[in-house]
Amino acid sequence: MPSYTAPIKDLQFVLHDLLKVSEQDIPGFADLDRDFTGAVLEEAGKVASEVLAPLNVVGDTQGCTLENGVVRTPDGFKEAFQQLKDGGWTAMDCDEDHGGQGLPYLMHTAAQELLVSANMALQMYPGLTHAAYSALREHGSDAQKAMYLPKMASCEWTGTMNLTEPHCGTDLGLMRTKAEPQDDGSYAITGQKIFISAGEHDMADNIIHLVLAKIPGGPEGIKGVSLFIVPKFLVNEDGSLGARNGVAVGSIEEKMGIHGNVTCVMNYDGAKGYLVGEMHKGMRSMFVMMNEARLGVGLQGYAQAEAAYQNAVAYAKDRLQGRAVTGDENPDGPADPLIVHPDIRRNLMDQKSFVEGARAFTYWGASLIDRAVRNNNEDADGLISLMTPVIKGFLTDKGFDSAVAAQQVYGGHGYIEEWGMSQFARDARIAMIYEGANGVQALDLVGRKLGQDGGKHVMAFFEMVKGFIKDNEDNAALKADFLDPLKAASKDLQAAGMYFMQHGMKNPNHALAGSYDFMHMMGHVCLGLMWARMGKAAMEAIEAGAADVEFYQTKIATGQYYMARQLPATAMHLARINTGADPVMALQAAHF
């Protein structure tokens with residue numbers, strides 16, 4: 001059975017050597033010294049490896065079952081979920097007024113990585129609740145916050161997001177779920193929602209559904225969508241639970257992966273709902289939830305890759321196959337371990353350099369969220385808005401690729417369920433689809449985010465890259481292996497942006513046909529920037545007399561690999577973009 005060990009030292013490197021969290025001017029960051037973050041992450045790591053990881057295969061093999069309208073979760077899930085609640089892991093960054101610990105979102109993100117790597121399906125229950133909590137904290141009324149948020153922070157009550165319907169996914173303006181106004185100020189919600197993760201289960205006393213619906217007489221399309229709280233059990237004024245609401249699970253989906261997390265068809269039959277925020281402004285409220293969820297899904301992509309990588313490395317060191325072409329490395333054995341072979345090394349280095357770069361990128365993004373919220377910094381808010389589709393789209397694409405690559409290390413055994421590697425690939429696959437399929441993320445990036453605020457934020461990113469290169473161009477050790485590749489990749493990205501400006505206005509298809517390549521190109525540049533920064537941080541640590549020189553040398557070598565072997569992909573993506581839309585749109589629909 002696969003195992004998982006929390007890579008605490010790698011997380012600490014990103015937090016302290018790279019981001020230097022305790023030196024930042026963000027409220028709450030000064031308290032994040034190495035001892036504090038180390039203690040928190042060590043405890044999260046124990047929960048991940050000792051409680052959640054052993055249940056990962058259980059969740060995959062047993063799945064969830066529907067019995068008389070009640071969903072039963074796999075063996076051990078309920079007890080493990082209770083441990084998460086008791087340990088405060090569901091409320092790390094929730095407001096202290098709601099029973100949370102008030103820690104920065106960055107610390108929540110770091111702990112989440114460990115829990116998601118160990119058991120992605122189980123961790124989705126509190127993860128979705130956290131996103132629902134954030135949406136209500138931002139847009140709920142004072143009364144709604146007082147009634148729901150403390151119970152959601154503790155996960156005594158869990159939360160969901162209900163967007164998709166059988167006939168509409170991305171195009172939510174087509175939804176048919178209705179919200180009829182009632183005399184008491186509530187609304188009667190009627191309709192069907194599908195693909196609702198954690199829509200029904202046996203691990204919480206109540207489930208608070210956040211549901212998008214249309215109030216009759218409102219504007220057409222997406223402008224007529226409102227957001228509603230629809231609890232599974234109605235809540236009395238004193239906070240106690242009342243009657244069962246008119247919402248029920250119709251069926252549960254049979255899925256490719258994340259079997260331990262239930263995915264429901266939810267039927268609303270005149271269910272009592274309560275408006276959140278302004279009428280017809282539901283998407284504004286829901287986007288708080290969706291944007292947080294998209295960063296969380298990007299994390300899922302590389303977190304699954306991390307778990308798969310750990311097992312692939314262990315297998316490659318243990319499995320004896322063939323002899324090294326340069327001479328026997330295991331002369332006393334019948335063959336050498338897999339890890340001596342260059343192609344296995346390439347495979348593992350692809351995974352390692354991606355995962356560590358993705359972690360740095362995600363944590364940097366989380367720190368931008370903290371700066372935007374805690375410092376009320378509009379520039380940070382604009383930058384993370386730009387980066388969100390890249391974090392979600394690029395990291396989940398590459399995370400799935402890495403999980404498959406880890407499976408490949410096993411050869412035929414990787415295809416056998418006994419070894420557990422297929423679960424990582426199957427679980428990772430959904431991350432490319434939900435919370436906005438990755439093609440939509442690419443369209444959002446190119447069609448909306450590049451031009452946001454007059455292009456201010458993408459230009460700020462280019463200046464950030466340019467400034468880092470300029471500030472360090474006298475560093476000979478950094479220049480050839482890190483700065484020069486980063487400069488070349490950044491020029492490719494800027495050239496792609498220029499192509500869109502020159503040709504996209506005349507024919508938008510020229511931009512949209514290259515959007516997916518641009519998302520990947522930008523992802524590579526972002527990871528290239530992270531690796532250049534990490535390379536510098538590792539060199540500085542060695543110069544300062546760090547005790548574990550080997551750890552920092554390994555960081556440098558891993559970064560050099562990414563810059564040499566992965567970052568040049570920007571040239572390929574630019575070549576594709578420069579062909580425009582003509583090759584993509586050449587065939588008539590009937591010719592496919």
Side-chain angles (χ1 to χ4, degrees), residues 1-8 11 41-65 71-90 92 108-131 155 158 197-198 201-204 255-263 293 296-312 314 355 359 362 396 399-400 402-403 406-407 417 419-431 434:
M1 184 168 68
S3 62
Y4 173 71
T5 301
I8 305 298
L11 272 65
L41 295 177
E42 286 287 349
E43 288 303 312
K46 289 178 184 178
V47 174
S49 60
E50 297 173 11
V51 179
L52 301 191
L55 294 175
N56 200 37
V57 172
V58 175
D60 187 53
T61 53
Q62 289 188 8
C64 298
T65 57
V71 170
R72 306 295 180 189
T73 49
D75 292 346
F77 268 45
K78 193 171 185 177
E79 294 76 12
F81 191 45
Q82 188 62 48
Q83 288 193 51
L84 290 175
K85 291 189 278 188
D86 291 344
W89 300 110
T90 66
M92 287 182 67
H108 164 82
T109 301
Q112 284 296 299
E113 178 195 324
L114 307 183
L115 304 176
V116 170
S117 284
N119 195 321
M120 176 174 159
L122 196 157
Q123 190 56 28
M124 285 174 64
Y125 293 96
L128 286 161
T129 305
H130 187 279
C155 275
T158 58
S197 300
H201 59 83
D202 58 356
M203 299 193 298
K255 309 189 299 292
M256 176 179 175
I258 54 169
H259 296 149
N261 189 272
V262 64
T263 304
V297 171
L299 182 149
Q300 287 180 339
Y302 84 79
Q304 289 302 286
E306 165 70 36
Y309 165 75
Q310 288 188 17
N311 287 276
V355 168
R359 175 180 295 120
T362 303
T396 58
F400 173 72
S402 290
Q407 184 185 27
E417 291 296 337
W419 292 88
M421 296 306 290
S422 80
Q423 184 185 353
F424 295 124
R426 288 184 286 104
D427 285 358
R429 185 63 183 89
I430 185 56
Y434 62 11

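Reckoned from all heavy atoms, side chains included, excluding hydrogens, waters and symmetry mates.
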Task: Heavy-atom check, side chain of I258 versus side chain of Y434, under 4.5 Å - done: yes

Task: Interatomic distance, T158 atom OG1 to M203 atom CE [nearest 0.5 angstrom] - done: 7.5 Å

Open item on the list: Side chains of E306 and Q310 only: does a donor on one sit below 3.5 Å from an acceptor on the other?
Closed with: yes

- [ ] Look at the side chain of D60 and the backbone N and O of H259, then say whether any donor-acceptor pair between them is shorter than 3.5 Å.
- [x] no

TODO: Return the minimal non-hydrogen interatomic distance between A198 and N261, and the atom names on each side.
DONE: N-OD1, 3.5 Å

Task: S3 backbone acceptor or donor facing N311 side chain under 3.5 Å - done: yes

Task: Candidate pair K85 and Q82, rule side-chain contact (heavy atoms from CB on, under 4.5 Å), full reasoning - done: CA-CA 5 Å; K85 291 189 278 188; Q82 188 62 48; 3.5 Å; yes

- [ ] Kindly compute the distance separating CG (L128) from SG (C155), expressed to the nearest 0.5 Å.
- [x] 10.0 Å

Task: Expected output: side-chain R72 to main-chain T65 donor-acceptor under 3.5 Å - done: no

Open item on the list: Using every non-hydrogen atom in the two residues, find where S197 and M124 come nearest and quote the distance to one decimal.
Closed with: OG-CE, 3.8 Å

- [ ] Could you pull out the closest heavy-atom pair between L52 and A80, with the gap in Å?
- [x] CD2-CB, 4.1 Å

Task: Contact summary for A307 and S117, nearest pair of heavy atoms - done: CB-O, 3.6 Å

- [ ] Quick one: sort the F81 and H201 rings into parallel, tilted or perpendicular, breaks at 30° and 60°.
- [x] perpendicular

TODO: For a side-chain contact (heavy atoms from CB on, under 4.5 Å) with L115, tell me which candidate from L122, L84, V51 qualifies.
DONE: L84

Open item on the list: Do P7 and L114 make a side-chain contact, defined as non-hydrogen atoms from C-beta onward lying under 4.5 Å apart?
Closed with: yes

TODO: Check Q304 against A428 and note the closest heavy-atom contact, atom names and distance.
DONE: CB-CB, 4.1 Å

Task: Worked check of side-chain contact (heavy atoms from CB on, under 4.5 Å) between L299 and V116 - done: CA-CA 8 Å; L299 182 149; V116 170; 4.0 Å; yes

TODO: Could you check T396 against Q300 for side-chain contact (heavy atoms from CB on, under 4.5 Å), going step by step and ending with a plain yes or no?
DONE: CA-CA 7 Å; T396 58; Q300 287 180 339; 6.0 Å; no

- [ ] Indicate the atoms forming the closest heavy-atom contact of F77 with L55, along with that distance.
- [x] CE1-O, 3.6 Å

Task: Intermediate values then yes/no, side-chain contact (heavy atoms from CB on, under 4.5 Å), L11 and E113 - done: CA-CA 9 Å; L11 272 65; E113 178 195 324; 3.9 Å; yes

- [ ] Could you check Q423, M1, M120 and say which one makes a side-chain contact (heavy atoms from CB on, under 4.5 Å) with N56?
- [x] Q423

Open item on the list: Please report the interatomic distance OG(S422) to CD(Q407), rounded to the nearest 0.5 Å.
Closed with: 6.0 Å

TODO: Would you give the length of the straight line joining atom NE2 of H108 to atom CE of M92, rounded to the nearest 0.5 angstrom?
DONE: 8.0 Å

